[in-house]
Asks: 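This is the structure, below, for whatever I ask next.
Reminder, nothing fancy here: chain letters follow the sequence lines and each chain counts from 1. Scope of the values below: all heavy atoms of this structure, side chains included, with no hydrogens, waters or symmetry mates.
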2 protein chains.
Amino acid sequence: MTEAPDATLRAGGYRITAQRQLVLQAVVDLRHATPEQILSHVHRQAPGVNLSTVYRVLTVLEDVGLVRHAHISTGSPTYHATEEAPHIHLVCRDCARVQSVPTSIAAALVTEIDEGTGFLADIGHAAIHGRCRECRSTTKPGAEGSD
Amino acid sequence: MTEAPDATLRAGGYRITAQRQLVLQAVVDLRHATPEQILSHVHRQAPGVNLSTVYRVLTVLEDVGLVRHAHISTGSPTYHATEEAPHIHLVCRDCARVQSVPTSIAAALVTEIDEGTGFLADIGHAAIHGRCRECRSTTKPGAEGSD
DNA sequence: GTATATGCAAAGGGTTTGCACGGTT
DNA sequence: AACCGTGCAAACCCTTTGCATATAC
């Protein structure tokens with residue numbers, strides 16, 4: 001599962017293209033990247049690639065399970081490779097920085113939700129907003145804001 | 001705090017207008033409403049109101065703390081009144097329905113995140129995605145999808 | 001050789017903004 | 001009367017789509 005992306009694509013009935021390899025590599029390299037950021041990264045090696053291709057490739061990569069996306073704010077979603085350990089995104093509303101914590105930290109919550117409602121939570125999908133340690137101690141309420 | 005929205009607006013330096021009262025009422029009535037849905041609701045009483053006004057009013061209402069928004073999917077955010085008990089939104093990726101659970105269920109998680117990273121999580125802000133009880137038992141993977 | 005993937009450009013949905021008018025204070 | 005808020009329309013993202021060409025198989 002943490003191997004041979006090409007085989008994974010083929011298994012899904014998709015062809016191997018330079019764009020797909022480049023976009024996947026960009027997602028792996030960047031972590032938490034938006035489509036726009038992914039395009040920039042890809043452009044360093046292949047300036048001809050189009051944004052619409054990035055969108056289409058991301059759909060494909062997500063379909064075969066090589067990447068996942070999370071909604072970090074009102075803007076574009078961010079993508080990360082599934083080869084990374086599952087994690088929850090913590091987004092600071094003041095400085096907009098993103099940090100990660102393992103999803104295992106929420107295991108009890110997921111279980112409790114399941115038992116209470118029958119809902120199987122995919123905790124890594126959405127980001128959790130709040131204020132990071134630095135902004136809590138430094139900045140006063142009402143700074144820039146990521147949202 | 002669960003009182004006199006007009007006073008809250010004034011305290012924030014804002015004027016009282018019919019639009020602001022209508023939009024707030026719509027948010028209270030609808031729960032989990034998008035700007036578009038709020039507009040429809042408002043239009044029943046005041047057909048002249050404009051979408052841009054809804055957006056501006058929501059910003060104001062959020063600024064003074066009368067409403068909050070959460071990102072439920074890739075689409076528009078949904079707004080709810082702060083007079084409601086704080087809750088976490090559970091969004092089913094198959095049937096797109098939204099259910100709520102009290103934020104208290106995540107108290108341990110919030111504490112753990114705080115202790116581990118110093119991050120103060122605002123757990124109610126983002127929706128948690130997953131699959132609801134019905135869709136887990138009925139539908140097979142790959143239904144309509146809300147995302 | 002054939003079906004799929006890409007680039008390009010245009011369209012589409014959601015949100016924001018400039019401006020003149022109207023309403024609140 | 002002064003200033004803030006609204007309606008309207010245009011502008012602006014971000015994302016999707018139609019079509020002809022290029023590419024993987």
Asks: Reckon A:Q19 has a side-chain N or O less than 4.0 Å from the OP1 or OP2 of C:dG7?
Replies: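 A:Q19 to C:dG7 OP1/OP2: side-chain N or O found under 4.0 Å.
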Asks: Quick one, A:H69 and A:H80 - any side-chain contact, counting heavy atoms below 4.5 Å?
Replies: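 Answer no - side chains too far apart.
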Asks: Does a side-chain N or O of B:R20 approach OP1 or OP2 of D:dG5 to a distance below 4.0 Å, or not?
Replies: yes
Asks: Reckon B:T53 has a side-chain N or O less than 4.0 Å from the OP1 or OP2 of D:dG7?
Replies: yes
Asks: Do A:R56 and C:dA5 have a side chain to base donor-acceptor pair shorter than 3.5 Å?
Replies: no
Asks: What nucleic acid atoms does B:T34 come within less than 4.0 Å of, heavy atoms only: base, sugar-phosphate, or nothing?
Replies: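 No contact.
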Asks: For B:G48 and A:T59, find the nucleotide of DNA chain D closest to each by heavy atoms; which residue's nucleotide sits nearer the 5' end?
Replies: B:G48
Asks: Using whole Å, report how far CG of A:D63 lies from C1' of C:dT4.
Replies: 15 Å
Asks: Kindly say whether the aromatic ring centers of A:H87 and A:H89 come within a distance under 6.0 Å.
Replies: yes
Asks: Is there side-chain contact between B:T117 and A:L90, with at least one heavy-atom pair below 4.5 Å?
Replies: yes
Asks: Within the side chain of B:H32, is there an N or O that forms a donor-acceptor pair under 3.5 Å with the backbone of B:L30?
Replies: no
Asks: Please give, in whole Å, the distance from C:dT25 C1' to B:R10 CZ?
Replies: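 Rounded to the whole Å, the gap is 9 Å.
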Asks: Determine the contact category for A:V49: base if any of its heavy atoms lies under 4.0 Å from a base atom, sugar-phosphate if only primed atoms, P, OP1 or OP2 are that close, otherwise nothing.
Replies: sugar-phosphate
Asks: Rounded to the nearest Å, what distance is computed from the CG atom of residue B:L39 to the C1' atom of nucleotide D:dT6?
Replies: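 Going from B:L39 (CG) to D:dT6 (C1'), I get 13 Å.
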Asks: May I have the distance from A:L51 (atom CG) to C:dT6 (atom C1'), rounded to whole angstrom?
Replies: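 Rounding to the nearest Å, CG of A:L51 and C1' of C:dT6 are 13 Å apart.
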Asks: Given C:dA3, D:dC4, C:dG7, which nucleotide is nearest the side-chain atoms of A:R15?
Replies: C:dA3
Asks: Provide, to the nearest angstrom, the distance between the CG atom belonging to B:N50 and the P atom belonging to C:dG23.
Replies: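 So the CG-P distance, B:N50 to C:dG23, works out to 16 Å.
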Asks: D:dC25 P sits how many Å from A:D6 CG, rounded?
Replies: 9 Å
Asks: Check this for me, if you would: do B:D29 and B:R44 make a salt bridge, where the nitrogen-to-carboxylate-oxygen distance has to be below 4.0 angstrom?
Replies: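 Answer for the salt bridge query: no.
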Asks: Return the value, rounded to whole Å, for the distance between atom CG of B:L9 and atom C1' of C:dT24.
Replies: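 Whole-Å distance recorded here is 13 Å.
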Asks: What is the distance, rounded to the nearest whole Å, between atom CD1 of A:I16 and atom P of C:dA3?
Replies: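 For the pair A:I16 CD1 and C:dA3 P, the rounded distance is 20 Å.
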Asks: If only side-chain N and O atoms of A:T17 are considered, is one of them under 4.0 Å from the OP1 or OP2 phosphate oxygen of C:dT6?
Replies: yes
Asks: From C-beta outward on B:Y14, which listed nucleotide comes closest to its side chain: D:dG5, C:dG7, C:dT25?
Replies: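 Shortest atom-to-atom distance from the side chain points to D:dG5.
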